[in-house]
Every structure is written in structure tokens, then in C-alpha cells.
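Input: a single structure, listed below in C-alpha cells.
Letters A, B, ... are given to chains in the order of the sequence lines, protein chains preceding strands, and every chain is numbered from 1.
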2 protein chains.
Amino acid sequence: MTTHTQIRELINRLARLDAASGWAGNLNPTQRSVLGYLARANQFSRSPSHVSDYLGTTRGTTTQSLKSLLQKGYVKEQRSELDKRVISYALTPKGQDIAGSAVPMEDALNALGSNERDALQSALLSTLRNALAKNGGREFGLCKTCIHHREKGGAPYCALLKTALSAEEADQICHEQVPV
Amino acid sequence: MTTHTQIRELINRLARLDAASGWAGNLNPTQRSVLGYLARANQFSRSPSHVSDYLGTTRGTTTQSLKSLLQKGYVKEQRSELDKRVISYALTPKGQDIAGSAVPMEDALNALGSNERDALQSALLSTLRNALAKNGGREFGLCKTCIHHREKGGAPYCALLKTALSAEEADQICHEQVPV
DNA sequence: ACTACTAGTATCGAGTCGAAACTATTGCAA
DNA sequence: TTGCAATAGTTTCGACTCGATACTAGTAGT
């Protein structure tokens, strides 16, 4: 068995364990991923299309997942005024409780030394970047690590969307992010 | 966002990418995982129960997956004579073709330096061990890295099952494996 | 105004998944 | 030896994922 195969297996098993680990709410792995993404994405990146891009599924599937999250009261719709086709989903207080609750795998990662943990994170990130580059996928990094991120009057500013941003927004995931 | 959350996200996204990447055959991610496991497990570790333990799902689900792999001609049943309840699944030649075909994510991992790749593998393995220890899960490591592995007359021997093993078997996954 | 494109939805079929009920076989113990 | 508990595997149910396809509605470009 090659090293590559082993790494792939490890990643898949860890993802499975993570998915199977107890989570609050009546949510399956995909729904939890959607909720987790919405919790960390900025207001310009919370539409069904963005979620599908992030998760690598189709818009049809995402619509279904959002429908069941909506029904369970974890998210709410916000239709855009500017473009009436666009919907941005936001977490309800109930959804925020769940998204902020304890993270599976946390103990397992804590048991790693902090050097090892940093090495793990950077190797995973490189791998993800390489893999995404092959597929034309986006990285979905944080706003503040983007080439379009500026400072304007001491506050964060997006040169692409030509909008001022709150400090909080600069720390969120953005669909348009292009790493520096 | 904490480092832990980021690592979890990276693992989940990579697993999703891996699942979505093109594979031969008409197989979904779970079926591919089952096939991949069967391809690498020894003859004592290829029953529905073992597959469920490995994947962390229930026996019911595994039965369904095996049924569809059987129907598609990728695996075949081998009922045990010793214990008539037990079934061991083996890959057909067609199944071996698929299991041996190109691995998604291979290029992404190749782009990593070999040091970084080794660090990645060992950090992932530690994390998996920690996580499994919490759940009482087994590691499913290779036979030759097990405390029950011996040499007898120059050939591998399992002190638990009290059986001689081929060199090939010593290199396979065993359900009973306990890391040295 | 026409057309191409984009955002989101609905529906289909195959399949996952956990849960629970079920059959067949094996093991243990009174 | 009979009798029961444990084990291996199957079946069925309901909720859901997922890709594919066809659909509606709003937006842009010519």
C-alpha cells in the first residue's frame, strides 16, 4: 500500500468518525456541514449556490438540505432586494447554539503537540489547494487573507465588492476570496 | 475560528473532494470505501461485521452496500465452513481492476514534499488513534505491525489465530490487529 | 425586444444511514 | 441435554443525499 493510499484512507476515516460523532440537534453530516459553513461565511457567501460550490454538490441537493434546516428552525431566508433571484441564508439563534457547540475530534487534536498540529494544518491546506487547483474549485478562505482586502479609514474594505466591512466580516469565509 | 475547527474543516473538505473525484465503475463513495477495504483486508477480516466496524456504520447498511457491489459483479461471497453464520467477501477480477485503478488526490499529495507528506501521515494517524481510543474503535492496522505477529520457520505466523500466514497476508489489514 | 445566462426549485431513481425487528447458528451453563 | 443468551447476517422503514434533468423567474447583453 502506498503512502498516498494510506493518507487518503486516514482522511476518509477521520471524516467518517467526525461525521458519526455525537452532535446536538437532529442533523446528519451534510446538514451539519451546511450549518457550519453558514456560521462562518459572510453575507455575500450564504446562498444555495455558494453552499453547493463549497461542499462540491449540486444546487438541487443544497436546496433540499437547506429546506430541512429551515423546517427544523436552524436557518432563515433573507431575499436580496438588489437581485430578486438571490437568497442569503442566516442562522437563527437556535442554529447558532448548535453551530457553536462542542466540536468532535477536539480531544484527539489536543493530544497532538502544537507543532505537530500546525504542521498537520499546513499540509492539509496545501493538499486542498493542490486538489482545488486541479478542479478549478475555490478555496473559500477568510476575507482578511484575500488579495481584494484593504484598509480604508482604519476599517476593513473589499476592493472587489467596493464595500466597507466590519471587523467581524473580515474574519469570515468569502466566496470570492483569492489567497494572497 | 480555532485551529481545531480549521483542521476538521480541511479533513471534511478533502474527504468530500476525494469522494467526488472521478472513479471508474458505477460506484458511490461508500461503495468505493467498502471495495477499497476488502481489497486490503485479509481473509479473516472481510465479513459484513468487519466492514461495518471499519466504516463505523451498522451491519444493516453494510449488507445493503455489499448487495449492490455483489449485483454489479465487483465482489463474491465465500461462506465459512467452520461457522455457518460467517460470510467472507472477496473481490472478483473486475473488482480488483477498479480497486487498483488510479487514486484521486494522488497529484495533490505528490506536490507535497516527502517530509511534509510523512509528517502529514503521522499526524493523521495519531489523531485517528486518539479518536478511536475514545470510541473503543479498532485501528485496523496491517497484520505485520501487530503484537500477535511472529516468525515461525521463516514465515509469518499469527499467535492469536494460531495460523501460518503468507507474506501477502502479513501485509494486509486485520480486524484483530493491535499495534505494537 | 430578443436572447443568453444565472439563481433557485421540483422530481426521479439509486443509494446511505440508523433503528428496530427478524432468522439462523453457535456457545454456555444449569 | 435442553434451554437460553449471544452473535452473524438480513430485512424493512423513514429521512435524507446525490446527480441528473427539466423547470420557473429574474437579469444582462445586444
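No hydrogens or angles considered: a donor-acceptor pair under 3.5 Å links the side chains of A/N42 and A/S45.
Of the side-chain N and O atoms in B/S49, one or more sit less than 4.0 angstrom from OP1 or OP2 of D/dG9. Taking only side-chain nitrogens and oxygens, A/T30 never comes nearer than 4.0 Å to OP1 or OP2 of D/dC16.
Between A/L27 atom CG and D/dT17 atom C1' there is a gap of 14 Å when expressed in whole angstrom units. In this structure, CG of B/L66 is placed 12 Å from C1' of D/dT10, rounded to the nearest angstrom. Put simply, CD on B/Q31 is 18 Å from P on D/dT17, counting in whole angstrom units. Rounded to an integer number of Å, the gap from CG of B/N26 to C1' of D/dG19 is 11 Å. The distance from atom CZ of B/F44 to atom P of D/dA8 is 16 Å, rounded to the nearest whole Å. Per the geometry, CZ belonging to B/R59 stands 12 Å off C1' belonging to D/dT11, to the nearest Å. In this structure, B/L70 places its CG atom 14 Å from P of D/dG9, rounding to the nearest Å. In this structure, the CG atom of A/L55 is 17 Å from the P atom of D/dC16, given to the nearest Å.
Using bins of under 30°, 30° to 60° and over 60° for the plane-to-plane angle, the ring pair B/Y54/B/F140 lands in the perpendicular bin.
Between A/D53 and A/R138, none of the side-chain N atoms (NZ, or NE/NH1/NH2) sits under 4.0 Å from a carboxylate O, so this pair counts as no salt bridge.
No more than 12 heavy atoms of other residues, nucleotides or ligands sit less than 6.0 Å from atom CD of A/E168. Within a 6.0 Å sphere centred on NZ of A/K152, heavy atoms belonging to other residues, nucleotides or ligands number 12 at most.
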Which atom pairs link the protein and nucleotides 26-29 of chain D when you take only N or O atoms and keep those under 3.5 Å?
{"unit_1": "D/dG26", "atom_1": "N2", "unit_2": "A/R85", "atom_2": "NH1", "d": "2.7"}
{"unit_1": "D/dT27", "atom_1": "OP1", "unit_2": "A/K84", "atom_2": "N", "d": "2.8"}

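The footprint of chain B on DNA chain C, defined by a heavy-atom cutoff below 4.0 Å, extends from C/dG15 to C/dT26.
As judged by a 4.0 angstrom heavy-atom cut-off over every strand, B/R79 is placed among residues making no nucleic acid contact.
Side-chain atoms of A/R59 and A/V51, non-hydrogen and from C-beta on, never get closer than 4.5 Å to each other.
Two residues, A/N28 and B/Q64, neighbour DNA chain D, and the one matched to the more 5' nucleotide by heavy-atom proximity is B/Q64. Of the two residues near DNA chain D, B/T62 and A/T57, the one whose nearest nucleotide lies more 5' is B/T62. Nearest-nucleotide assignment on DNA chain C puts the 5′-proximal partner with B/Q71, out of B/Q71 and B/G56.
A donor-acceptor contact shorter than 3.5 Å is absent between the side chain of B/R150 and the backbone of B/A159.
Evaluation of the side chain to side chain donor-acceptor pair (under 3.5 Å) rule for A/S49 yields no partner, not counting sequence neighbours.
Partner of A/S52 under the side-chain hydrogen bond (donor to acceptor under 3.5 Å, both in side chains) criterion, chosen from A/T61, A/T62, A/T63: A/T62.
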